[in-house]
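A quick write-up on the structure given underneath.
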Amino acid sequence: MRTPLDLELVALTKRYGTTVAVDRVSHLFPGGRYVCLLGPSGCGKSSTLRMIAGHESVTDGAILLAGKDISRLPPAQRGTAMMFQNYALFPHLSVIDNVAFSLKMKGVDKPTRHKAAAEMLDLVDMGSMAARMPAQLSGGQQQRIALARALITKPQVLLLDEPLSALDPFLRIRMRAELKKLQRELGITFVHVTHGQDEALALADEVVVMNNAVIEQAGPARDVYNMPNTEFVARFMGGHNVLTVGGMKHALRADRTRLVQSGEGLPVSVASVEYQGAHVAVGLVGAPGGDLTALVPEAEFYASPLTLGDSAVAQWSPADLHPLTQ
Ligand code: ADP
């Protein structure tokens, strides 16, 4: 394991003509973390990642790795490596030659590069597939090869652009665990771009939420989920209601929103009932300030089930209200 190096973005900016894709973003990624860059489509995640990788030029600002400005270096000299969404494997090269490709470009002789590639294939549990062609592999296997190919350059920072989006949901969850394990074993920084909040919460030591070309909030996954700063973050992370109490907007977790038949609270009526297994999501209308959702534990819901059109009262503990700044 190598000493993890800090990655820092300093007023990093990307403009495409008049479009500002990344707007003076400054952020420190402490070394050795699993970071997820999370946000809706078009918010600037990929542009940020591609600038770190060197696949996109920096309009303004700097990218520092261990204090050294890498923002004008060619991709291969940065200490970063990128794994692409579509894996971008060479179809005419065997698995081992795909993995060894960057070493070949550096002029490393065949026995040495094949030995290094075989080690990388073992790392991703693909040692037995070295002679196969990419077309003979499943999506999950191709992804492991793409990972091995990125890691063979011994990067300090691995950049992953929507790495799980091409996989079916079952495989996605399995590969998620494997990525996390690999990051822990290697001890390097992973920066993983995703638009899925569940993926970010599952994987990240640190979640960085982007919106409109800037970082809206960053922090440990549980902090971002439990203490969203803004209405955007509360809504994007999901699982929250946004309420106006005392003239101020607050986030309230849907699983802390209780439903009773009468009493103090917000009078509402049931607009939808969705069984989700462990919980039942009850959609509520009629409250001033917008619709709400109560996530009711299954057993509790079915002890006195509600149906569409029923009246109820939504309640919460004041301690569960989290103030939003905007
Ligand atoms: P995300 O990864 O969050 O979906 P992107 O970084 O891909 O966001 O895009 C951010 C903004 O920059 C969007 O408005 C997008 O249309 C624009 N953009 C991205 N790539 C290019 C490009 N090569 N040329 C022009 N505009 C681009």
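Both ligands and their constituent atoms are indexed starting at 1 by order of listing. Only heavy atoms go into these numbers, but all of them, side chains included; no hydrogens, no water, no symmetry mates.
- Taking a cut-off of under 4.0 Å to the non-hydrogen atoms of Cys43, the atoms of ligand 1 that pass are 1 (P), 3 (O), 8 (O).
- Closest to atom 9 (O) of ligand 1, if we only count protein heavy atoms, is Ser47 OG, 4.0 Å.
- Scanning the protein heavy atoms around atom 10 (C) of ligand 1, the nearest turns out to be Gly42 O, 3.4 Å.
- A heavy-atom separation below 4.0 Å is not found between Gly39 and ligand 1.
- Of the polar atoms of Lys45, at least one N or O is found under 3.5 Å from an N or O of ligand 1, judged by distance alone.
- At a 4.0 Å cut-off, not a single heavy atom of Lys14 sits close enough to ligand 1 to count as contact.
- Here the heavy atom of the protein found nearest to atom 27 (C) of ligand 1 is Tyr16 CD1, 3.3 Å.
- Contact annotation for Pro40 and ligand 1: only backbone heavy atoms (N, CA, C, O) come within less than 4.0 Å of the ligand.
- Nearest heavy-atom pair, Thr194 versus Ala200, reported as atom, atom and distance to 0.1 Å: CG2-CB, 4.1 Å.
- Shown here for Val233 and Gln217, the closest heavy-atom pair between the two residues is CG1-OE1, 3.5 Å.
- Taking each heavy atom of Pro228 and Ala251 in turn, the nearest pair found is CG-CB, 4.0 Å.
- Backbone and side-chain nitrogen or oxygen atoms of Thr48 are examined, and none is located within less than 3.5 angstrom of a nitrogen or oxygen of ligand 1.
- No donor-acceptor pair under 3.5 Å is formed between the side chain of Arg15 and the backbone N or O of Asp60.
- The shortest N or O to N or O distance between Ser46 and ligand 1 is below 3.5 Å.
- Closest heavy-atom contact between Arg113 and Val108: NH1-O, 3.0 Å.
- A salt bridge links Lys180 and Asp205; the closest N-O separation between the charged side-chain nitrogens and carboxylate oxygens is under 4.0 Å.
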Practice item. For ring-ring contact (aromatic ring centres under 6.0 Å, His included), just list the numbers for Phe301 and His279, CA-CA rounded to whole Å, side-chain angles, deciding distance to a tenth of an Å, and then say yes or no. Key: CA-CA 8 Å; Phe301 180 87; His279 289 94; over 10 Å; no
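- Given atom 8 (O) of ligand 1, the protein heavy atom at minimum distance is Gly44 N, 3.1 Å.
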Return a table of donor-acceptor pairs under 3.5 angstrom between the side chains of residues 19-35 and protein atoms on other chains or two or more places apart.
residue : atom : partner : partner atom : Å
Ser26   : OG   : Ala11   : N            : 2.8
His27   : NE2  : Glu206  : OE2          : 3.1
Tyr34   : OH   : His192  : ND1          : 2.9

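- Contact record, Leu179 with Pro163: CD1-CG, 4.3 Å, taken as the closest heavy-atom pair.
- Backbone and side-chain nitrogen or oxygen atoms of Ala21 are examined, and none is located within less than 3.5 angstrom of a nitrogen or oxygen of ligand 1.
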Ignoring hydrogens and angles, write down the donor-acceptor pairs under 3.5 Å from the side chains of residues 119-129, residues two or more places apart or on other chains.
none

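- Taking every heavy atom of Arg50 and a limit of under 4.0 angstrom, the matching atoms of ligand 1 come to 20 (N).
- At least one protein heavy atom sits closer than 4.0 Å to atom 6 (O) of ligand 1.
- Counting protein heavy atoms under 4.0 angstrom from atom 15 (C) of ligand 1 gives zero.
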